[in-house]
2 protein chains.
Amino acid sequence: MATQQRRERERAQRETLIVNAAREMAEADGWPAVTVRRLAERIEYSQPVLYSHFAGRGAIVDAVALLGIGELAASLEAARVGAAPGEELEAVAQAYLDFAAEHPAVFEAAFTLAEGLPFGPDAPDELKAGFAPLFAVFAPLAGDHDPEAVTEAGWAAIHGLAVLARDGRLRPRHQRERLAVLLEKFTST
Amino acid sequence: MATQQRRERERAQRETLIVNAAREMAEADGWPAVTVRRLAERIEYSQPVLYSHFAGRGAIVDAVALLGIGELAASLEAARVGAAPGEELEAVAQAYLDFAAEHPAVFEAAFTLAEGLPFGPDAPDELKAGFAPLFAVFAPLAGDHDPEAVTEAGWAAIHGLAVLARDGRLRPRHQRERLAVLLEKFTST
DNA sequence: TCACGATCCTAGCATCGCTAGACATCCGAG
DNA sequence: CTCGGATGTCTAGCGATGCTAGGATCGTGA
């Protein structure tokens with residue numbers, strides 16, 4: 001029956017409603033404020049409904065993380081293709097730092113809270129899509145090294161910049177200069 | 001009276017007992033397993049005793065973080081002075097990665113759980129002591145840039161390598177190669 | 001119309017961080 | 001040596017958390 005399809009459609013809608021609500025609440029008041037009770041009240045359903053969609057609170061965080069990684073991937077790729085020739089690396093790196101600064105809660109979900117996301121060979125498409133633009137800008141700089149290793153090292157450098165800056169570990173007003181150092185170190189020969 | 005001094009001595013002993021217990025429990029079963037109740041039972045005191053030493057659970061985590069940062073600083077400095085001339089950077093970087101891999105719970109406390117630690121100008125000595133060996137190996141590579149900015153960028157690169165590897169985001173067997181890439185990028189020219 | 005199945009909610013459990021108030025213990029003054 | 005006060009510790013409990021069992025309610029198809 002068509003009823004079945006409508007049901008599934010409504011279920012899918014409600015699932016994105018949940019994920020979006022969790023994301024907005026986290027971005028507004030931090031992840032500790034995203035409790036199952038408050039989330040349920042926000043979407044105007046009772047708590048057990050959440051558990052019919054997700055295995056638990058952690059699974060909801062993972063869903064936000066996956067969504068965020070997809071957006072980060074799209075943002076990186078957009079920065080790459082929109083950059084002037086020769087400036088792709090800088091554009092991608094800047095996009096990465098901007099994403100971390102503008103969506104701290106999503107970034108936190110993706111890189112420190114998520115626990116159920118598989119990595120390595122059987123990672124979701126969003127994760128591989130995020131690696132692609134990084135590989136595109138770092139691989140040409142590989143020289144004698146393994147292009148993937150260079151990409152991973154470059155990614156790590158940018159990521160470290162993002163997380164240490166977010167936690168207030170670095171001098172706030174020198175982010176631009178730190179990035180310039182990194183770019184020069186990676187591009188020179 | 002001398003009684004006062006004995007009291008303070010015993011209090012200090014118990015405080016380190018608490019911090020060490022928290023650290024061991026976290027290293028054994030992860031931070032979520034370090035509850036106030038379990039910690040109290042472990043040290044064979046009731047819960048309120050913990051609150052007479054620390055403002056709350058978070059303050060205990062901060063204490064472990066500070067302790068760990070001190071050890072990390074000592075480890076980095078030892079690696080630097082013990083390295084052959086010209087290999088100080090590699091030794092320090094390797095020590096950083098080793099510390100993160102061997103004490104994941106302490107590393108987590110120091111860099112993702114700690115919330116009450118002050119940074120910037122009025123940071124505790126342990127934090128400044130940790131920056132010193134990094135500055136010592138990175139500043140000579142500054143060239144035209146600000147030495148502190150280069151140090152921060154280099155630290156971020158190593159740190160990113162540590163956290164991404166810890167979370168299983170990077171290919172496990174290529175850590176050595178990634179580090180080699182980083183070292184070459186920073187030392188060339 | 002009616003019985004069945006899916007959907008949802010109320011109520012509750014165990015556990016968490018934290019705290020008030022009672023109890024015990026130790027110290028120094030008389 | 002005794003006793004009052006201060007110090008230290010514990011028992012018991014509060015509000016809130018993540019999660020779940022069981023019953024009520026609704027729509028569906030015969």
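Hydrogens, waters and symmetry mates play no part in the numbers below; they use all other heavy atoms, side chains included. Within every chain, numbering begins at 1; the chains are lettered A, B, ... in the order of the sequence lines, protein sequences first and strands thereafter.
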With the side chain of A:Arg57 defined as its heavy atoms from C-beta on, choose the nearest nucleotide among D:dC19, C:dC18, D:dT17. D:dC19
Distance check needed: D:dG8 C1' versus B:Ile43 CD1, whole Å only. 14 Å
Counting only N and O atoms by type, is there a donor-acceptor contact under 3.5 Å from the side chain of A:Arg166 to the main-chain atoms of A:Ala101? no
Is any side-chain N or O of A:Arg37 closer than 4.0 Å to OP1 or OP2 of C:dA11? no
Looking across every strand, which nucleic acid part, if any, lies under 4.0 Å from A:Ser46 by heavy atom: base, sugar-phosphate, or nothing? base
Looking at C:dC18, D:dT20, C:dA20, which one has an atom nearest to any side-chain atom of A:Pro48? D:dT20
Specify whether A:Phe99 and A:His103 have parallel, tilted or perpendicular ring planes, treating 30° as the upper limit for parallel and 60° as the lower limit for perpendicular. tilted
Could you tell me if B:Asp98 and B:Gln94 have a donor-acceptor pair between their side chains, going purely by distance under 3.5 Å? yes
Lys/Arg-Asp/Glu bridge criterion (N-O < 4.0 Å) met for A:Glu41, A:Arg38: no
Between the base of C:dC18 and the side chain of B:Gln47, is one N or O donor paired with an acceptor at under 3.5 angstrom? yes
Are any of A:Arg38's side-chain N or O atoms less than 4.0 Å away from OP1 or OP2 of D:dA16? no
Take atom NE2 of A:His53 and atom P of C:dC9, then tell me their distance rounded to the nearest Å. 11 Å
Atom CH2 of B:Trp31 and atom P of C:dC16 are separated, to the nearest Å, by 15 Å
Between B:Phe107 and B:Phe111, how do the two ring planes meet: parallel, tilted or perpendicular, split at 30° and 60°? tilted
Among D:dA21, C:dT19, C:dC8, the nucleotide that comes nearest once only the side chain of A:Arg14 is considered: C:dC8
Euclidean distance, atom CG of residue A:Leu39 to atom P of D:dC19 [Å, nearest integer]: 12 Å
B:Thr35 side-chain proximity, nearest of D:dC10, C:dC16, C:dT10: C:dC16
Upstream residue (5' side of DNA chain D) when A:Ala55 and B:Val49 are each assigned their closest nucleotide: B:Val49
Here the distance between atom P of C:dC13 and atom OH of A:Tyr51, to the nearest Å, is 17 Å
A:Phe54 CZ to D:dT20 P, straight-line distance once rounded to whole Å: 15 Å
d(CD, B:Glu41; C1', C:dC16) in whole Å: 15 Å
